[in-house]
Protein chains: 2
Amino acid sequence: MPKKDSEFALQDFLPYLLNQAAEESSLAFQKAYKNRYGMLRTEWRVLFHLGTYGQMTATGICDKARIHKTKISRAVQKLSERRFVVRARSDEDRRVEYLKLTPAGEAAYRDLRTEAEDYDARLRGQFTSGEVALLRMMLKRLAGLDAAG
Amino acid sequence: MPKKDSEFALQDFLPYLLNQAAEESSLAFQKAYKNRYGMLRTEWRVLFHLGTYGQMTATGICDKARIHKTKISRAVQKLSERRFVVRARSDEDRRVEYLKLTPAGEAAYRDLRTEAEDYDARLRGQFTSGEVALLRMMLKRLAGLDAAG
DNA sequence: GCTTGTTAGTTACAAAAACAACCATTACCA
DNA sequence: TGGTAATGGTTGTTTTTGTAACTAACAAGC
């Protein structure tokens, strides 16, 4: 009986497939924020968190977006230099800093959000809405975003 | 009529979700090749390509794995230093170099393949086999891996 | 056969990420 | 109330990546 050597299919290995799909879609969408605003991936993520959820702290974004705090710290620095974000120390706890978008930040957010919606619609267009719903459900579970998020 | 400001759901945006799921699953699987063999992501990818497809050239891996050639070049360097991979110049075309696993490389591959199979089975276990099939189909299409691969 | 172009792969340098150590402030608790 | 731990956030250093330029070998046109 031969060793079942060739049964493993790399192109069906979920972590591999997930990465290929993620990279492809990220690279395509990246053009929007990179070319038009010179932003990095972490920067648009911070921008979008503040844009969709309103005022947050850096730690809040860390938890929600699952990004390390040093990356957030530097992204906030950049966004604040560009006057897209303002920081305000809390009075109750002087360690924490509230972040929110400036009008310029809001404008950039709205612009990029339109891009995002268009791009997402294009991706979804390849499938039925039932398939998309299932895909989202599965991705959320794989990401561990079922309950918390 | 108010601006539909809050209709965009970041947590449903496909590139974002794909990245979250990809990162989560990659990080978990990473432990296997990182802790046990001190490998980087590109290195296990090269190892797995050579393990599952047999002898290949660097360019062949680039095309199949969609990784830039500089990354492949460095990964091959590392793997060859560790005696997991041997390189052999082609006689027909002295630019090309055939890569294949050494016995030690094969052993590492088989070991990590087992890990991969177990981990993949664990991921798949959260869903029905029909759901998994659909997920794979969708991810391949999103990755642009429909025809070529 | 000699310019021009292409392909396989490497190297050098700049940008970004990971990791650890670090303040400052607040919480715990004996 | 004073010492220890935990938390929010930043900074510094090392790895890893991205980008461009490079060498070497081949291919094609003329």
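Both backbone and side-chain heavy atoms feed into the values below; hydrogens, waters and symmetry mates do not. Letters A, B, ... mirror the listed sequences (proteins, then strands); counts begin at 1. This one's a predicted model, so the numbers in the text were calculated from it and none came from an experiment.
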Begin from the C-alpha positions of B:K78 and B:F84 and carry the test side-chain contact (heavy atoms from CB on, under 4.5 Å) through to its verdict. CA-CA 9 Å; B:K78 284 269 178 65; B:F84 280 177; over 6 Å; no
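- Taking atom CD1 of B:I67 as the reference point, atom P of C:dA8 lies 17 Å away to the nearest angstrom.
- The environment of CZ in A:R94 is sparse: at most 12 heavy-atom neighbours from other residues, nucleotides or ligands sit within 6.0 Å.
- Following rounding to the nearest Å, B:L99 (CG) and C:dA8 (P) show an atom-to-atom distance of 13 Å.
- Rounded to an integer number of Å, the gap from A:R89 CZ to D:dG9 P is 7 Å.
- Ring geometry for B:W44 versus B:F48: interplanar angle over 60°, hence perpendicular rather than tilted (30 to 60°).
- Taking 4.0 angstrom as the limit, B:T59 places a side-chain polar atom (N or O) nearer than this to OP1 or OP2 of C:dG9.
- Picking from D:dG8, C:dG9, D:dT10 the nucleotide with the shortest atom distance to the side chain of A:S73 gives D:dT10.
- Going from atom CZ of B:R45 over to atom C1' of D:dT16 covers 14 Å, rounded to whole Å.
- Heavy atoms of other residues, nucleotides or ligands lying less than 6.0 angstrom from CZ of B:R36 number more than 12.
- Looking at A:S25 and B:L14, their side chains never come closer than 4.5 Å, going by heavy atoms from C-beta outward.
- Aromatic rings of B:F13 and A:F29 (six-membered ring for Trp) have centroids within the 6.0 Å cut-off, being under it.
- Remark: A:R87 is in phosphate contact with D:dT10, judged by side-chain N or O atoms under 4.0 Å from OP1 or OP2.
- Computed from coordinates, the B:I61 CD1 to C:dT7 C1' distance equals 17 Å when rounded to whole Å.
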Contact string for nucleotides 12-22 of chain C, one letter per nucleotide 5' to 3', B = base within protein heavy-atom range under 4.0 Å, S = sugar-phosphate only, - = neither, reads B---SSBBB--
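- B:E92 comes within 4.0 angstrom of the backbone, heavy atoms only, and of no base.
- Listed pair A:Q77 / D:dG9 fails the phosphate criterion, with no side-chain N or O lying under 4.0 Å from OP1 or OP2.
- For the atom pair CG of A:L145 and NZ of A:K140, the computed distance is 8.0 Å after rounding to the nearest 0.5 Å.
- When each of C:dG9, C:dT6, C:dT26 is scored by its nearest atom to the side-chain atoms of B:R95, the top-ranked nucleotide is C:dT6.
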